[in-house]
2 protein chains.
Amino acid sequence: MVRKTVDGQIRNKERTKIKLIEAVGAIIRTEGYTGLGVNNIAKYAGVSKKLIYRYFENVENLIEAYVLNKDYWTNLNGKVNQLIELNKDDYGKTLASITLVDLFDKLMNDDETRKIILWEISEKNELMKEVSTLREIMGSKLFALTDPIFKEKDDDIRAIYALLLGGVYYLSLHSHAAGGSFCEINVENDEGKERIKNTIEKVIEWMFSKASETS
Amino acid sequence: MVRKTVDGQIRNKERTKIKLIEAVGAIIRTEGYTGLGVNNIAKYAGVSKKLIYRYFENVENLIEAYVLNKDYWTNLNGKVNQLIELNKDDYGKTLASITLVDLFDKLMNDDETRKIILWEISEKNELMKEVSTLREIMGSKLFALTDPIFKEKDDDIRAIYALLLGGVYYLSLHSHAAGGSFCEINVENDEGKERIKNTIEKVIEWMFSKASETS
DNA sequence: TTAATATGTCACCACTTAGTAACAATTTGT
DNA sequence: ACAAATTGTTACTAAGTGGTGACATATTAA
């Protein structure tokens, strides 16, 4: 027989798992992904590290549980159908702009998200490969929205988006590490931020207006 | 009296220092900057780690010696005036394209350069701040070339360039870490690479053609 | 040739790391 | 109430970290 999982006041499996997962977040926020060791996580959670192995097998799985819960794109997953419905009219033009600009804002302000991005590009990492793949699935749903208008054009909306998205990632990382200006723009102040956002919108706008031209 | 620094066959201060500095390069190439510990560097150099402290005081100084010795970005500095002269005709349009596309190729193939970029955005690092500043000086000379044509336009060539350059950095980093596709483009194969390069050229082309329109 | 000094190695320190075995205590089902 | 299973802690490996003092020896200057 399968016994009910322990749910007492003193011993409680689920509560402990949550403690561990939230410890991961706390560490990423304060120390960055380099602080994600078994000992440190257990210390933050106030619990024995043995339990990490018992409940998650290894640290990787624990972190995966955390990251999947936190990721910007995978979180959009729940809203994606709604978003698609709302953005059918302009073939996803507004959506493309908004997601990039929003993500830029989020990354500039949210240490946690930024450090996950950094972690993702830092090392050959099977976990991050999975996260990355999940994001792609999300993304393909959104690109399906834009395809009708770009169908027979040689303008490559995916390539444009990849470059802009990568640019957004990089700019936020750069500004929080080396800092200072980048291409003579300082995204640490509002004026710099606005220039980037306006340019993102302008490029997207241009792409779509070109694509909708009668050929 | 100051004695001549030892220059024998068995003991040789300068030779050892070079060994250590080159060990840093070898490690960055093979393991990335995370492998830059005292023990590891000494092992690569085939020398006692004690000497790192004796000759460089600490690991930071040793790494600084390496990066400055490599002179990545200041090396470009020598060619800058020549490049400007050659690209006056089209206000730097070709140059803007070429530098981005070339850099993309370089980053996709050169582990060392890519890992230094990664290091630069990974941590608050005074040394990397310096390198970053040097690059900005370089860049401003190139933007001087484009300014006449963009002068009274509200298109922001610096913001476009920042996004594209950041995009190039990010795409190369992503493909060597998580890998797989990004925005449904896989830059690990030639088809993906070409799509990115073509799009870079197209965006630059568009920017300049818009800027040169009579208003 | 000899003494002084620079160079290099080795063994060790205290600390941190990932991971495990043995054990104690709580919760569950009977 | 009591046994069985689950949850949690402690203490312990074995290996790796940055850093240092003691010592051996190659090189230099005399």
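In what follows, every chain begins at residue 1, and chains take the letters A, B, ... in the order their sequences are listed. Excluded from the calculations below are hydrogen atoms, water molecules and symmetry mates; all remaining heavy atoms, backbone and side chain alike, are included.
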Q: Report the nucleotide, chosen from C:dT9, C:dT7, D:dG18, that has the shortest atom-to-atom distance to any side-chain atom of B:S48.
A: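 Between C:dT9, C:dT7, D:dG18, the one nearest the side chain of B:S48 would be C:dT9.
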Q: Please give, in whole Å, the distance from D:dA29 C1' to B:D7 CG?
A: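 Distance, rounded to whole Å: 15 Å.
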Q: Taking any heavy-atom pair under 4.0 Å as a contact, classify A:N58: base, sugar-phosphate, or nothing.
A: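 The residue A:N58 makes no contact with any strand.
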Q: Provide, to the nearest angstrom, the distance between the NZ atom belonging to B:K49 and the P atom belonging to C:dA11.
A: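 It is 13 Å, rounded to the nearest whole Å.
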Q: How close do A:E201 and A:V101 get, heavy atom to heavy atom, and via which atoms?
A: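 Closest pair (atom of A:E201, atom of A:V101, distance): OE2-CG2, 3.9 Å.
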Q: Whole angstrom is fine here: how far is it from CZ in A:R3 over to P in C:dT26?
A: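 Distance check: A:R3 CZ to C:dT26 P gives 14 Å.
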Q: Just how far, in rounded Å, is P of C:dA4 from CZ of B:R11?
A: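 Between P of C:dA4 and CZ of B:R11: 18 Å.
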Q: Should we count NZ of B:K43 as having more than 12 external heavy atoms under 6.0 Å?
A: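 No, not enclosed.
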Q: Look at the side-chain N and O atoms of A:Y55 and state whether any lies under 4.0 Å from the OP1 or OP2 oxygen of D:dG8.
A: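 Yes, such a contact exists.
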Q: If you measure from the Lys or Arg side-chain nitrogens to the Asp or Glu carboxylate oxygens, is any gap between B:D147 and B:R158 under 4.0 Å?
A: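 Counted as a salt bridge, because a side-chain N and a carboxylate O are separated by less than 4.0 Å.
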Q: Whole Å only: how far is the CZ atom of B:F56 from the P atom of D:dG19?
A: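 These atoms are roughly 15 Å apart.
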Q: Find which nucleotide of DNA chain D each of B:V6 and A:K4 is nearest to by heavy atoms, and output the residue with the more 5' nucleotide.
A: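 Nearer the 5' end of the strand: A:K4.
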Q: Can you see if the side chain of A:T16 gets near the phosphate of D:dG8 - specifically, an N or O under 4.0 Å from OP1 or OP2?
A: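 So the side-chain polar atoms of A:T16 do come within 4.0 Å of the phosphate oxygens OP1 or OP2 of D:dG8, strictly under.
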Q: In whole Å, what is the span from the CD atom of B:E14 to the C1' atom of D:dT27?
A: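 Atom CD in B:E14 sits about 15 Å away from atom C1' in D:dT27.
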Q: Tell me what A:I10 touches on the nucleic acid: a base, only sugar-phosphate, or nothing, going by heavy atoms under 4.0 Å.
A: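 The answer is sugar-phosphate, as A:I10 gets under 4.0 Å only of primed atoms, P, OP1 or OP2.
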Q: Roughly, in whole Å, what's the span from CG in A:N39 to C1' in D:dC12?
A: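 From A:N39 CG to D:dC12 C1': 13 Å.
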Q: Between P on D:dG21 and OH on B:Y53, what's the gap in Å once rounded to a whole number?
A: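 So the OH-P distance, B:Y53 to D:dG21, works out to 13 Å.
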Q: Closest-nucleotide mapping onto DNA chain C: is A:K50 or A:V38 further toward the 5' terminus? I mean the 5' end.
A: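 Mapping each residue to its closest nucleotide by heavy atoms, the 5'-most match is A:V38.
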Q: Base, sugar-phosphate, or nothing for A:V47, non-hydrogen atoms under 4.0 angstrom?
A: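 Touches sugar-phosphate only.
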Q: May I ask you to decide if the ring planes of B:F182 and B:Y170 are parallel, tilted or perpendicular, using 30° and 60° as cut-offs?
A: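 If you compare the ring of B:F182 with that of B:Y170, the planes turn out tilted.
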Q: Which of these, B:V47, B:I21, B:I52, sits in a side-chain contact (heavy atoms from CB on, under 4.5 Å) with B:I41?
A: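 It is B:I52; the other options fail the test.
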